Number of protein chains: 2
Amino acid sequence: MGHTNWLNDEEMQAWIAFISAATLVDRELDQQLKEDMGLSHLQYTILMTLNRAESGALRMTELAERLINSKSGLTYQIGQMEKAGLVTRRQCEWSKSGVLAEITDEGRATLERAAPGHVEAVREIFIDVLSPEERKAMADGLGRVRDRIAERKQGGTCW
Amino acid sequence: MGHTNWLNDEEMQAWIAFISAATLVDRELDQQLKEDMGLSHLQYTILMTLNRAESGALRMTELAERLINSKSGLTYQIGQMEKAGLVTRRQCEWSKSGVLAEITDEGRATLERAAPGHVEAVREIFIDVLSPEERKAMADGLGRVRDRIAERKQGGTCW
DNA sequence: ATCTCCTTGTTCAAATTTGAACTCAATAGT
DNA sequence: ACTATTGAGTTCAAATTTGAACAAGGAGAT
């Protein structure tokens, strides 16, 4: 346990770029969606995720895990979106304690209207700014970063 | 203005990996710091930023910009940290309307105690998971992503 | 000096997020 | 069947974040 093993320049640049790009990108998309359609990035992602799921519905926990969101946070957001008519709550067929969040027709319509602008923004601030090689590095490297953290979450017995 | 120009698989993987890694990494560091030292990632970053600045002080606006945080959010956080004795507010010498946030000795001490664990965590979940080439791609590519967004902010005349 | 206009930082209410406590259903053990 | 554990969602209070409105200080023009 010597002293802090500080990041060197090369490492620091990668780290700082990652952290600040992440913050800026998220903020940017949030604004774009909010101005365009009055949706938060989280709400857009919820709609997208539900829309892709077969039958357009997912259990709350499943949804929370995919979105990397706390359970209570999801309860709140689904509540908001239900008020807005974008999703409905439905009881899970095979489990009385389960709840399904389901996208509504209005939800799908909203998503369709929001998608073009959103995807365009994603291209403009992220995809198009990167070379194919860099995109591959993102997919591979950051995919590994994500999986590593996700694993240790359930692994439980860390340390 | 045809229909949505969806991301293809290659693009989607890079995008998803980026977004989810960013969320997970931030969450992870926040937890690590909170458990270890009772600091949020934001608070750690504030201390770090002030510590590096000459004289250990920065103006509120300057600090907010570097941290990519809203002004009011920073006012709040500096308030919290002032209560905790980690920073002080001081009037800017050459401008009566300016306020300097300055790190205290206790702040520096806290930072020193927090740094080893934090840096270790950063290495473990990010740096060490990437190859040197991937880190270069992060620094270059994401650096460009960051700069682009930062530019358009002040550029004002987008489009 | 006076009148604007821009910048600083704060305040305030509202929206969101978090984590712990809680309810009720599902499951395992006896 | 009976009890203890675990799992799913919600509720609640507290912490944080956001954006708009605001007070005050500079800076420039007249």
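Every chain is numbered from 1, with letters handed out A, B, ... down the list of sequences. Just so you know, these numbers come straight off a predicted model, no measurement behind them.
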Is the phosphate of [N] approached by [X] (side-chain N or O, under 4.0 Å from OP1 or OP2)?
X        : N       : value
Gln77(B) : dT17(D) : yes
Arg89(A) : dG9(D)  : no
Gln80(A) : dT16(C) : yes

For DNA chain D, determine which residues of residues 19-33 of chain A have any heavy atom closer than 4.0 angstrom to one of its atoms, and list them numerically.
Arg27(A)
Under a 4.0 Å heavy-atom cut-off, which of residues 54-72 of chain B touch DNA chain D?
Asn69(B), Ser70(B), Ser72(B)
Gap between atom NE2 of His3(A) and atom CD of Glu112(B) - 0.5 Å precision
7.0 Å
Rounded to the nearest 0.5 Å, how far apart are NE2 of His118(B) and CG of Leu39(B)?
10.5 Å
Are any side-chain N or O atoms of [X] and backbone N or O atoms of [Y], one a donor and one an acceptor, separated by less than 3.5 Å?
X         : Y         : answer
Glu134(B) : Asp140(A) : no
Gln77(B)  : Leu74(B)  : no
Glu62(B)  : Arg59(B)  : no
Arg135(B) : Ala14(A)  : no
Arg123(B) : Asn5(A)   : yes

With heavy atoms under 4.0 Å as the rule, sort Ser40(B) into base, sugar-phosphate or nothing.
nothing
How many whole angstroms separate atom [atom1] of [X] from atom [atom2] of [N]?
X         : N       : atom1 : atom2 : answer
Lys34(A)  : dA20(D) : NZ    : P     : 11 Å
Gln91(A)  : dA8(D)  : CD    : C1'   : 12 Å
Leu42(A)  : dA15(C) : CG    : P     : 16 Å
Leu100(A) : dT10(D) : CG    : P     : 11 Å
Arg90(A)  : dA8(D)  : CZ    : C1'   : 17 Å
Trp94(A)  : dG7(D)  : CH2   : C1'   : 14 Å
Leu74(B)  : dT16(D) : CG    : C1'   : 13 Å

How about Glu106(B) and Thr104(B): does a side-chain donor come under 3.5 Å of a side-chain acceptor?
no
Mind checking whether Val145(A) and Ile16(B) sit in one hydrophobic cluster, side chains of I, L, V, M, F, W, Y counted as touching below 4.5 Å?
yes
Do Leu100(A) and Leu63(A) belong to the same hydrophobic cluster, where Ile, Leu, Val, Met, Phe, Trp and Tyr are linked whenever their side-chain heavy atoms lie under 4.5 Å apart, directly or via other members?
no
With the side chain of Thr75(A) defined as its heavy atoms from C-beta on, choose the nearest nucleotide among dA15(D), dT10(D), dG25(D).
dT10(D)
If you find the nucleotide of DNA chain C closest to Gln43(A) and the one closest to Ser97(A), which residue's nucleotide is nearer the 5' end?
Gln43(A)
Judged by nearest nucleotide, the residue sitting upstream toward the 5' end of DNA chain C, Tyr76(A) or Lys96(A), is Tyr76(A)
Per nearest nucleotide of DNA chain D, the residue lying toward the 5' end, Val99(A) or Gly98(B), is Val99(A)
